[in-house]
Amino acid sequence: LPALARGLSTSAFPSKLAFAFDIDGVLKQGKYVLPQAKRVMQLLTGRDGRLPEPVPFLLMTNGGGVPDAQRRALLSRDLGIELGENQLVQSHTPFQAAMREYIDKPVLVIGGDGDAARKVAESYGLKKAVIPQDIIHWNRSIWDRYHFTDEDEKVVRHDIDFNFTPIHAIFVLHDSNDWGRDLTIVNELMQSRGGMLGTVREDRTVQKPGGEVPLFFSNPDLEWASDYPVVRLGMGAFSLSIASVYKAATGLDLPFTQIGKPHHLTYEFADSMLTRHTKQLRGVDQDLNVYMIGDNPMSDIWGANMYGWNSILLRTGVYAGGEPAHAPTFIADDVELAVEWAIKREL
Ligand code: G3P
Ligand code: MG
């Protein structure tokens, strides 16, 4: 690449080129940051001087569980750059609009350890975010296998009496750290009378349109790649578990809203964020030719293809070779080779 880019004038560089990077299996493997990722960030931000100008990019993950600003700070430290406000889409970031309807209403939020989900919800303005431990604290019998801890005691809220207060919506923001507890609570609420805990609607086998508690899932990944030798179960496995228990109990399909890659809403949200970032970077509105670089054919590649972006599938994550379920524009061994291929292709 140095030879390719050296001496290139800004006018000769493909100014519409932009990137969307998946995180797990592309930039990181579990807690490990890939060295190729750090070099790519130095290249695209212009810090290593090998390109005539910075190239717009953002990170787009089905992960989450911490407020966006906090995750940007953590990723900036990992990657050795400064991510701006328009350079990260987490699984739940597009939920901000849907959450505006529930600012002052009790809403159950699930995902991560302790009160992580409440912190995410409050970063989006929710004032009455409820976590599963609040409900256990209200009535231990709801899932008597759960051992309420001193840590739980430190984070629960005591200002909501669930004997008289319904739950108005459920947002699953990140991986549950207790599937039995959370699957039980979600299934009870989805079969309840208007979101009142401790109740069941008059006929469990009948679903009145609009009568259910609105349920939102932020990440459909059945599997994902961490630093473990084989793929791990993701939030999609959790939502499948909830849906199969609900079906067994009621004979009905679970009603819910799903976002996250490969869904259109997440790509549309990322596209508008990337446009805002490019305007901040260059001061002009610009059509972009985006390359999505990911490791999961069922999320990154499928979603990019449906949205009309270029897609590059890597061998550093979920994809383990063979014919991928969704055909990418290109397959590369790692993120650095992928970026170099895209730049050469656009020159
Ligand atoms: O929990 C995160 C996992 O589902 C996938 O994350 O960054 O590969 O979209 P990512
Ligand atoms: Mg990934």
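Every number for a ligand or one of its atoms is a count from 1 in the order of the listing. Because the structure is predicted, anything quoted here is derived from the model rather than measured.
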Verify, without hydrogens or angle tests, whether [X] (side chain) and [Y] (backbone) share a donor-acceptor contact under 3.5 angstrom.
X      : Y      : value
Gln29  : Thr316 : yes
Asp334 : Leu337 : yes
Thr266 : Gly260 : yes
Glu82  : Ala73  : no

**Report entry** Distance criterion under 2.8 Å: protein N/O/S atoms around the Mg ion (ligand 2)
**Finding:**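 Considering protein N, O and S only, the Mg ion (ligand 2) has 3 within range.
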N/O contact list for ligand 1, threshold under 3.5 Å:
from: ligand 1; atom 1: 4 (O); to: Asn219; atom 2: ND2; distance (Å): 3.0
from: ligand 1; atom 1: 4 (O); to: Asp221; atom 2: OD2; distance (Å): 2.9
from: ligand 1; atom 1: 6 (O); to: Asp24; atom 2: OD2; distance (Å): 3.1
from: ligand 1; atom 1: 7 (O); to: Asp22; atom 2: OD1; distance (Å): 2.9
from: ligand 1; atom 1: 7 (O); to: Ile23; atom 2: N; distance (Å): 3.4
from: ligand 1; atom 1: 7 (O); to: Asp24; atom 2: N; distance (Å): 2.9
from: ligand 1; atom 1: 7 (O); to: Asp24; atom 2: OD2; distance (Å): 3.4
from: ligand 1; atom 1: 7 (O); to: Thr61; atom 2: OG1; distance (Å): 2.6
from: ligand 1; atom 1: 8 (O); to: Asp22; atom 2: OD1; distance (Å): 2.8
from: ligand 1; atom 1: 8 (O); to: Asp22; atom 2: OD2; distance (Å): 3.2
from: ligand 1; atom 1: 8 (O); to: Asp24; atom 2: O; distance (Å): 3.0
from: ligand 1; atom 1: 9 (O); to: Asp22; atom 2: OD1; distance (Å): 2.8
from: ligand 1; atom 1: 9 (O); to: Asn62; atom 2: N; distance (Å): 2.8
from: ligand 1; atom 1: 9 (O); to: Lys261; atom 2: NZ; distance (Å): 2.8

Query raised in the report: How long is the gap from CE on Met190 to CD1 on Ile185, to the nearest 0.5 Å?
Result: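 Reported to 0.5 Å precision, the distance equals 14.0 Å.
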Query raised in the report: What distance separates Phe148 CZ from Arg181 CZ, expressed to the nearest 0.5 Å?
Result: 10.0 Å
Report task. Give the cluster check for Tyr267 versus Leu288: same hydrophobic cluster or not, with ILVMFWY residues linked at side-chain heavy-atom distances below 4.5 Å. Result -> yes
Requested in this report: Applying side-chain hydrogen bond (donor to acceptor under 3.5 Å, both in side chains), run through Tyr146 and Arg140 and close with a yes or a no.
Outcome: CA-CA 8 Å; Tyr146 185 76; Arg140 306 290 164 94; over 6 Å; no
Report task. Check each of Phe269, Phe217, Phe171 against Phe95 using the ring-ring contact (aromatic ring centres under 6.0 Å, His included) test, and report the only one that passes. Result ->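 By the ring-ring contact (aromatic ring centres under 6.0 Å, His included) criterion, Phe95 pairs with just one of Phe269, Phe217, Phe171: Phe171.
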